[in-house]
Protein chains: 2
Amino acid sequence: MPATDNKTLAPQRWEALRALIRDRGVIRVEDLRRELRVSAATIRRDLDELERRGGIRRVHGGAMSVESRLDEPLFADKRSLAAREKRRIAEVAAAMVAAGDTIYLDGGSTVLELARLLRDRTNLTVVTNSLQAALELSGRGPRLIVIGGELRRLSQTLVGPLTRLVLGELHLDKAFMGTIGFALEEGLTTTDPSEAFTKQLVMRQARQVILLADSSKAGKVSFARAGSWDEVHVVVTDRQVDGAFARELAKKGPRLVRA
Amino acid sequence: MPATDNKTLAPQRWEALRALIRDRGVIRVEDLRRELRVSAATIRRDLDELERRGGIRRVHGGAMSVESRLDEPLFADKRSLAAREKRRIAEVAAAMVAAGDTIYLDGGSTVLELARLLRDRTNLTVVTNSLQAALELSGRGPRLIVIGGELRRLSQTLVGPLTRLVLGELHLDKAFMGTIGFALEEGLTTTDPSEAFTKQLVMRQARQVILLADSSKAGKVSFARAGSWDEVHVVVTDRQVDGAFARELAKKGPRLVRA
DNA sequence: CACCGTTTGATCGAATATGATTGAATCTAG
DNA sequence: CTAGATTCAATCATATTCGATCAAACGGTG
C-alpha cells in the first residue's frame with residue numbers, strides 16, 4: 001500500500017539518506033528502497049547526486065560513507081584487460097632467464113607477472129625497484145636485492161636520484177623493463193621523470209635490455225623519455241601489434257619477439 | 001521487521017576479512033567460507049583483491065597478515081599478550097615523532113606497529129629497510145624512502161653491505177630500532193651479522209636512537225652484536241621489565257620509558 | 001484546461017558479482 | 001621421491017545490479 005507520507009521532496013530524502021549512511025556506515029540500495037518507499041532508480045539517482053557532492057561512496061549494491069575506511073589504492077587496474085597477453089609475454093621472458101643470471105625486474109604488471117614465474121628459481125639473482133616484485137619474491141625464490149630509492153606511489157616503485165647509488169655498484173646480465181608507451185620516433189616513454197631517470201640508469205648497467213610490453217602500449221607516447229631504441233636489445237610483445245609497426249621497429253635495432 | 005534479507009556488500013566482507021586476518025594472524029579459506037557464508041571462490045577473489053591493496057599476504061590454503069611472517073622466537077600463546085605491549089610501546093614512540101622529522105624504521109613487529117600509527121601523517125619522511133613497513137606505508141602517508149640491500153627472508157628486511165650506499169647519503173633525526181635481545185653487558189644483539197651490520201650503520205647516521213623492545217627481549221643475548229648502550233638514547237619498553245634491570249640499564253646511558 | 005519542465009517509476013540490455021565445475025598446481029605423508 | 005589429497009585458477013552459468021531511456025505523474029503557469 002503506497003502510504004500517505006511520500007510527499008518527501010528530494011532534499012529531504014537526501015537528508016534521510018545521509019543520516020542512514022552515516023549511522024550504518026554501509027547500506028544497500030534494496031534496503032533503502034524499502035525504507036524510503038521509492039523506486040530503486042530514484043535511490044540510485046540520489047546516491048549519484050550525493051556522491052557528486054562528496055561524503056559518500058557508491059559501491060556495487062549500495063553505498064558507504066567515505067570515512068568508513070577502505071582507502072582505495074591509487075594504481076588503477078587494467079590488469080584483467082590484457083592479462084592473457086601479459087602472461088604469455090612473461091612466459092617468453094622467463095624462458096630467456098638462464099641459470100646463474102643476475103637480472104633486473106622493473107615495475108609494471110607484465111614484469112610482475114614474470115616475477116611470479118621466477119618464484120621457484122634458484123641460482124638466480126634478482127635486482128628490482130618494484131615493491132610488488134619484491135613482495136612476490138619475498139617468501140622464497142632467487143636471491144633478491146632491492147635498490148634503494150624514494151617510493152613513487154602510483155607505480156609502487158623506488159625511483160629518483162638515490163637509485164643511482166646501488167645501481168652503480170651492480171652489473172646486470174639482463175634487464176626486463178616495463179613502459180607506459182613505446183613509439184618509433186620517441187622510444188620508451190613514461191609519465192614520471194624520476195621513474196624515467198631510474199630506467200635510464202638500469203639500461204646503462206645492463207648487458208642486455210629486454211622490453212616487455214603488450215600491444216596496447218605500441219605507438220603510445222607519454223611525458224618523460226626513458227630510453228631510445230639503440231639501448232633496447234629485445235622487445236617482447238603480443239601478436240596483436242601492428243605488422244607495419246613491427247617491421248619499422250625492427251629496423252631501429254631491437255629484435256622483436258611476438259608471444 | 002527483522003525480515004530484511006541481510007546480504008553483505010563486498011566492501012563489508014573485505015572489512016570483516018581484514019579484521020579476522022589481523023586478529024588471528026593466519027586463517028584458512030575454509031574457515032572464512034563458513035564464517036562469512038560465501039563460496040570459497042568468492043573468498044579467494046576477495047583475498048586476491050586485499051592482497052593487491054596490501055596488508056595481507058596470500059598463502060596456500062588461506063592468508064596471513066603481512067606482519068606475521070616476522071620474528072623468529074614466536075610462541076603462539078605469548079603473541080597476543082605481547083601484541084598489546086607492542087601496541088602501547090608503538091603509541092609512545094609515535095608521540096615522539098615531530099612534524100618535519102626524518103625518521104628511520106627498522107624491522108621487527110613493534111616497529112611495524114609504529115609504522116601503522118604513522119600511516120596518516122604527512123610532513124614526515126620515513127626511511128626504512130623493512131619491506132613490511134614499506135608496504136604498510138605504500139598506499140598513502142609520509143614520504144617513503146627504502147634503502148637498498150639484499151633481502152633477508154626471515155626478517156623481511158634489507159641488509160648487508162649495499163645498505164651503506166643509501167644510508168651514507170642520509171641523515172636521520174630519529175631512528176626507531178628493533179632487536180632480538182638487549183642485555184646489560186652485551187648491548188643489542190640479533191641473529192644475523194648482516195642485519196647487525198646495517199643496524200650499526202643506521203645508529204651511526206641517526207641523531208637520536210630509540211629502541212623499541214618489549215620486556216620479553218630483556219636480558220636476551222643473540223649471536224651478532226648490533227649496538228652498544230652509548231649509541232642508544234632512549235629505550236621504550238613495557239612495565240613488566242624487571243626493576244633492577246631497568247635501574248642498571250639507566251646507568252649505562254639510555255633514558256628508559258615504560259609504556 | 002492545455003502546456004511545459006521536473007521528478008519518479010518501469011523496462012531492458014549491459015555490466016558485475018557470485019557459485020559451481022574441472023583440470024592443474026601444490027602440499028604432505030610415507 | 002612418489003602417491004594421494006588438498007587447494008588453486010580458470011571458465012562458465014546464473015543471479016543481481018546498473019545505467020540509459022522513455023513514459024507517467026505532478027505542479028505550476030498562462
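Computation of the quantities below employed the complete heavy-atom set of this structure, encompassing side-chain atoms and omitting hydrogens, waters and symmetry-equivalent molecules. In this text, all values refer to a predicted model and were calculated from it rather than measured experimentally. The sequence lines fix the lettering, A, B, ..., with proteins before strands; numbering per chain opens at 1.
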Legend entry - Protein-nucleotide distance (A:Asp48, atom CG; C:dT7, atom C1'), rounded to Å: 15 Å
Inset, instruction - Indicate yes or no for a side-chain donor-acceptor contact from B:Lys199 to the backbone of B:Thr190 under 3.5 Å, with no hydrogens or angles considered. - result: no
Legend entry - Non-neighbouring partners of A:Arg152 that pass side chain to side chain donor-acceptor pair (under 3.5 Å), sequence neighbours left out: A:Ser155, A:Thr191, A:Glu195
Legend entry - Ionic contact status for B:Glu113 with B:Arg116, cut-off 4.0 Å: yes
Legend entry - N/O donor-acceptor pair under 3.5 Å between B:Thr128 side chain and B:Leu105 backbone: yes
Inset, instruction - Kindly say whether A:Thr102 contributes a backbone atom to a donor-acceptor pair with the side chain of A:Asp173 at under 3.5 angstrom? - result: yes
Legend entry - Integer-rounded Å distance: D:dC8 P and B:Glu51 CD: 12 Å
Inset, instruction - Nearest whole angstrom, please: distance from the C1' of C:dT7 to the CD of A:Gln12. - result: 14 Å
Legend entry - Spacing between A:Arg34 atom CZ and D:dT17 atom P, to the nearest angstrom: 10 Å
Legend entry - D:dC18 OP1/OP2 closer than 4.0 Å to side-chain N/O of A:Arg58: yes
Inset, instruction - Please state how far atom CZ in A:Arg44 lies from atom C1' in C:dA14, giving the value in whole angstrom units. - result: 13 Å
Inset, instruction - Mind checking B:Arg28 for me? I need base, sugar-phosphate or nothing, with any heavy atom below 4.0 Å counting as a touch. - result: sugar-phosphate
Inset, instruction - Check the distance between C:dT7's C1' and A:Glu49's CD and give it to me in whole angstrom. - result: 13 Å
Legend entry - Electrostatic pair B:Arg33-B:Glu30, nearest N-O below 4.0 angstrom: yes
Inset, instruction - Round to a whole Å and report the spacing from CZ of A:Arg52 to P of D:dG19. - result: 15 Å
What N/O pairs connect the protein and nucleotides 16-21 of chain C at under 3.5 Å? Give each pair on its own line.
| residue | atom | partner | partner atom | Å |
| --- | --- | --- | --- | --- |
| C:dT18 | OP1 | B:Arg13 | NH1 | 2.7 |
| C:dT18 | OP1 | B:Arg13 | NH2 | 3.2 |
| C:dT18 | OP2 | B:Arg13 | NH2 | 3.1 |
| C:dG19 | OP2 | B:Ser39 | N | 2.9 |
| C:dG19 | OP2 | B:Ser39 | OG | 2.9 |
| C:dG19 | OP2 | B:Thr42 | OG1 | 2.6 |
| C:dG19 | N7 | B:Arg45 | NH2 | 2.8 |

Inset, instruction - Return the value, rounded to whole Å, for the distance between atom CD1 of A:Ile27 and atom P of D:dT17. - result: 14 Å
